[in-house]
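Protein chains get the first letters and strands the later ones, always in sequence-line order, with residue 1 at the start of each.
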Amino acid sequence: MDLLTHLAIGFETAFTFQNVVYVFIGCLLGTFIGVLPGIGPSATIAMLLPITYALNPTTALIMLAGIYYGAQYGGSTTAILINLPGEATSVATLADGYKMAQAGRAGPALAIAALGSFFAGCIGTLLLAGFSTSLMAVAFNFGPAEYFSLMVLGLVGATVLASGDTIKSIGMILLGVMLGLVGTDINTGVVRFDFGIPNLYDGIGFAVLAMGVFGYGEIFYNLSYSTADNNKFIGKISELVPTKQDIKNSAGAVLRGTALGSLFGLIPGAGPTIASFASYSVEKNIKSEDSVNMGEGNIRGVAGPESANNAASQTAFVPLLALGIPATATMALMLGAMTIHDISPGPEVMTGRPELFWGLIVSMWLGNLMLVILNLPLVGIWVKLLTIPYRLLFPGILLFCAIGVYSIGNNIFDIWMLVLFGLCGYLFKLIDLELAPFVLGFILGPMMELHMRRALIITQGDWTIFFTKPISLSVLILSLILLIAITIPKINKLRTILKTGD
Amino acid sequence: MNVKLKNIIAGLLFTVVGLFFLFQAQNYKMGDLKKMGPAYFPTLVAILLVIVGTVVLFRALRDADVVKFTSIQVRPVIFVALANVVFGLIITTQLGFVVAVFCLIMLANMANNHFRPVEAFGIFIVLTIVTYFLFFNFLHLPIQFLPWIF
């Protein structure tokens with residue numbers, strides 16, 4: 001079957017009345033919560049996870065895709081309007097986006113961000129469909145050794161490209177892996193690290209951990225440490241439609257951003273973040289006769305990074321859908337959601353449940369479309385939401401997370417775990433430890449152990465299998481190159497430049 | 001908190017957790033490369049964690065000492081944690097869901113420096129309605145909604 005037939009299956013699944021409604025609700029909820037000050041996209045997705053549990057797997061994933069886009073877009077909205085990036089992916093938008101808002105041009109900035117993202121999303125989705133199908137064709141031959149090495153690459157990528165101290169990121173990965181190993185060992189049935197608590201026999205629940213470190217952790221941090229006043233935006237959005245000149249100026253930036261984003265999204269680690277900074281750097285270095293300089297409210301500084309991070313958000317799904325290996329924390333959240341519905345993404349999903357796979361792909365595109373039709377008319381409401389003081393919001397987040405975790409397993413123990421992980425997340429934030437590598441390690445750890453053991457059982461304990469299989473070897477070499485690369489001062493400098501956009 | 005102190009805490013955290021899991025893991029069978037036991041992989045990870053922790057710790061101790069403390073407010077942390085715990089204690093009892101929500105909101109509001117009862121009551125009403133529709137009407141959460149007397 002070719003791509004068109006596949007897409008037809010996808011459209012058939014995604015365009016049922018029920019699924020369209022859920023993409024819509026997902027986008028709406030995602031943007032709604034994502035826009036609220038002090039709640040980042042990861043916390044948004046974690047918080048909304050339980051709501052999808054009651055749905056059938058396909059619809060649940062489709063709704064999650066909607067939530068994902070909504071949350072991302074919500075983050076960009078706060079970046080433009082109040083100079084507060086929801087997540088690292090919209091940091092690059094800050095400079096010019098906020099300056100535009102200050103100059104009374106928040107409307108066109110938001111519109112270009114939405115339109116650029118939509119364009120990038122369309123291209124990204126097509127690439128995602130193409131790349132993941134071809135990667136899957138190869139992945140059918142992958143054995144446990146290849147999977148193990150790919151996970152190593154994923155984790156190395158997460159540390160190398162993560163902002164901050166590399167060795168501390170490695171520590172966070174290992175910490176995540178450790179906690180991921182709590183519970184019954186699948187191979188032998190032995191219960192490990194349960195500390196005599198029967199509730200830990202099945203391991204630590206992913207939703208509990210994610211809601212704790214992202215949701216509760218953020219609340220603790222915001223209330224006790226942050227002095228940020230979140231009501232910086234006072235102006236009104238009068239004009240929404242970008243001028244002809246705006247569109248003319250940003251068209252090139254959107255195209256370049258899309259190309260860069262699609263490419264960077266495929267690299268494991270902080271794909272969308274690096275992509276948006278790379279795009280910003282490129283725009284900054286392009287000579288033009290714009291009336292406004294970059295960094296002072298130039299529309300290209302919004303169009304480029306926003307298109308780039310959205311294109312990268314799409315292609316970042318490739319390793320997850322084709323191999324079942326998440327490359328970013330958000331993808332780990334998506335994987336966690338899939339696991340709860342007993343779906344383990346990988347080649348089997350596409351052949352075994354094509355309607356799920358292609359339905360998801362098409363609904364991603366649908367989600368992007370929804371954002372444009374939903375957000376531009378509703379932008380006035382989003383602006384109002386931004387003015388809600390945090391003290392009115394956080395009790396709701398507390399409550400949602402608490403009932404949310406309880407509703408997953410009807411177990412009060414999860415509520416205690418929630419506050420425990422909240423305190424952990426708070427501590428991590430206080431001492432500058434990153435959450436993304438921790439969550440990735442937690443998800444990937446048990447998978448790595450499983451594949452490592454399988455590989456060694458097959459070879460009767462010969463560990464050289466990781467280096468004799470060509471694909472496994474090349475992936476490991478690539479990981480090593482990445483690790484060595486950041487110790488070279490010049491490259492490390494480039495890394496810093498990419499992260500700060502200078 | 002200054003960078004040095006942050007790194008010391010981070011290093012200690014990694015080392016202590018690593019050591020803890022390392023010792024715990026020795027309660028299980030190690031196995032060998034041919035057939036790894038439940039202790040094998042965790043032991044490897046724990047050793048790596050201890051190494052990373054030690055490196056972070058020593059690197060931090062070598063750093064110049066900058067003493068600058070930013071005060072951290074303890075009050076919100078205590079009240080938010082308390083709100084969660086009280087909610088968990090009440091939720092499945094005869095007191096019912098609404099009472100649990102009420103206590104959570106009140107305690108959460110006390111996490112602010114000023115307790116605003118009217119505002120908290122407003123939040124309580126709004127959230128009760130929203131959660132009723134979402135978690136009881138839509139997700140059919142199997143717990144008692146109103147107190148037993150109703």
**Message:** Tell me if a side-chain donor or acceptor on A:Arg192 pairs with a main-chain N or O of B:Pro38 at a distance below 3.5 Å.
**Reply:** yes
If I measure from the heavy atoms of chain A, does [X] come under 4.5 Å with its side chain, its backbone, both, or neither?
X	result
B:Leu107	neither
B:Ile51	neither
B:Val130	side chain
B:Val77	both
B:Phe97	side chain
B:Ala10	both

Can you tell me if [atom1] on [X] sees more than 12 non-hydrogen neighbours from other groups inside 6.0 Å?
X	atom1	value
B:Phe133	CZ	no
B:Phe58	CZ	no
B:Tyr132	OH	no

Would you say [X] and [Y] make side-chain contact, with heavy atoms under 4.5 Å?
X	Y	result
B:Leu44	A:Met452	yes
B:Lys29	A:Val190	no
A:Leu398	B:Phe87	no
A:Leu175	B:Leu13	yes
B:Asn84	A:Tyr216	yes

Using every non-hydrogen atom in the two residues, find where [X] and [Y] come nearest and quote the distance to one decimal.
X	Y	answer
B:Phe135	A:Ser407	CE2-OG, 4.0 Å
A:Phe394	B:Ala111	CZ-CB, 4.2 Å
B:Gln73	A:Leu223	OE1-O, 3.7 Å
B:Ile105	A:Pro395	CD1-CB, 3.9 Å
A:Ile167	B:Arg59	CG2-NH1, 3.4 Å
A:Trp416	B:Val85	CZ3-O, 3.3 Å

Nearest 0.5 Å please: distance from the [atom1] atom of [X] over to the [atom2] atom of [Y].
X	Y	atom1	atom2	answer
A:Leu29	B:Leu134	CG	CG	8.0 Å
B:Phe14	A:Met178	CZ	CE	13.0 Å
B:Lys35	A:Thr188	NZ	OG1	7.5 Å
B:Leu33	A:Arg453	CG	CZ	12.0 Å
B:Ile91	A:Ile403	CD1	CD1	6.5 Å
A:Ile173	B:Leu48	CD1	CG	11.0 Å

**Inter-chain contacts: residues 115-125 of chain B against chain A, heavy atoms under 4.5 Å** = B:Arg116, B:Glu119, B:Ile123
**Request:** Assign the ring pair B:Phe21 / A:Phe193 to parallel, tilted or perpendicular, where the plane angle (0 to 90°) is split at 30° and 60°.
**Result:** tilted
**Request:** Tell me, with the steps shown, if A:Asp185 and B:Tyr28 meet side chain to side chain contact (heavy atoms under 4.5 Å, CB included).
**Result:** CA-CA 11 Å; A:Asp185 172 27; B:Tyr28 316 114; over 6 Å; no
**Intermediate values then yes/no, side chain to side chain contact (heavy atoms under 4.5 Å, CB included), B:Asn7 and A:Lys168** = CA-CA 9 Å; B:Asn7 283 336; A:Lys168 276 157 85 184; 2.6 Å; yes
**Item:** Step-by-step side chain to side chain contact (heavy atoms under 4.5 Å, CB included) determination, B:Leu5 to A:Ile431
**Value:** CA-CA 8 Å; B:Leu5 185 63; A:Ile431 56 178; over 6 Å; no
